[in-house]
Amino acid sequence: NQDYHFGLKEHEGISELFDCD
Amino acid sequence: VPQTPIRAAMNSIQQLRVELNSTSDQPSSNLQVYFKNCTVDPSEEITKRVEELSQVFSQRFAQAVGQRCEGLGRKRFNLGVQLYYKVMESMLKSEEKRLSVQNFSKLLNNAAFHTSLLACALEVVLATYVGNSLKNGGFGRGCGASDSIETDLCFPWILDVFQLHAFDFYKVIESFIKAEPTLKHDMMKHLEHCEHVIMESLAWRGDSPLFDLLKQSREEGTGEQAEPPAT
């Protein structure tokens, strides 16, 4: 999956994206 | 043996089935541990939601493809559910490692998260079955063509079926790709294409939760000034 442009930063994950702790 | 679009699609379907061969359409024991570690156990809600969405999906699938195909819709849905649980487990393992926590109560009790994740898994399954039209130009051209009746099920069909905001669906895509390293190149490009469609148009529809977030961001004074919705 190297061709995909990953945009999330190190400190971000699915928990943050759904407004979770 | 020459590679034909049909053969390529058959290979992709076969690969997907092989990858999901060892997975179940029920939560694994690892997932059940994550559920039990939650402050509020989400198990029942998750099972109930999957059952409800199964009904909706099968009905809409039959409407789109033909009433005789409801059973086929259930098989596609079950493949999607297998992928949903597989990716969920992988995501939670990554989050456990990243955050050093085991209680994901807020995330696992978030309906938008589950519906988006299941929709993304189903999009992968549905797009695998129309693989030949993806190769002929992806969402923009492939889905407009009449080369297969199943092209009617192309993105953003699943958002309409699940009454899901494109903005929420967008949020799971990157984590989904990270959590599923066996995802084929074509499928990764397809999901990337879905991202572009959302970013360029779907997320900017009048009822998008994006506007509330932009407003909230403006009121909190963080980030750049948001453009008005019309713009």
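Below, read A as the first sequence line, B as the second, and so on, with proteins coming before strands; counting in each chain starts at 1.
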- Item | OG on Ser15(A) to CD on Glu96(B), rounded to 0.5 Å | 11.5 Å
- For atom CE of Met10(B), decide whether the heavy atoms of other residues, nucleotides or ligands shown that lie under 6.0 angstrom number more than 12. no
- Note on the structure: Applying a strict 4.5 Å limit to non-hydrogen atoms, the region of Asn103(B) in contact with chain A is neither
- Derivation of the side-chain contact (heavy atoms from CB on, under 4.5 Å) call for Ile14(A) and Ser94(B): CA-CA 10 Å; Ile14(A) 197 74; Ser94(B) 298; over 6 Å; no
- Message: To check you understand the geometry: which heavy-atom pair defines the closest contact between Glu95(B) and Glu16(A), and what is its length?
- Response: OE2-OE1, 4.2 Å
- Note on the structure: The single option from Leu183(B), Leu191(B), Ile173(B) that satisfies side chain to side chain contact (heavy atoms under 4.5 Å, CB included) with Tyr4(A) is Ile173(B)
- Ser116(B) versus chain A, heavy atoms under 4.5 Å apart: side chain, backbone, both or neither? side chain
- Might you confirm whether atom CZ of Arg205(B) has over 12 heavy atoms from other residues, nucleotides or ligands at distances under 6.0 Å? no
- Message: Main chain of Gly7(A), side chain of Glu174(B): is a donor-acceptor contact present, judged purely on distance under 3.5 Å?
- Response: yes
- So do Asp168(B) and Phe18(A) actually touch side chain to side chain, heavy atoms under 4.5 Å? yes
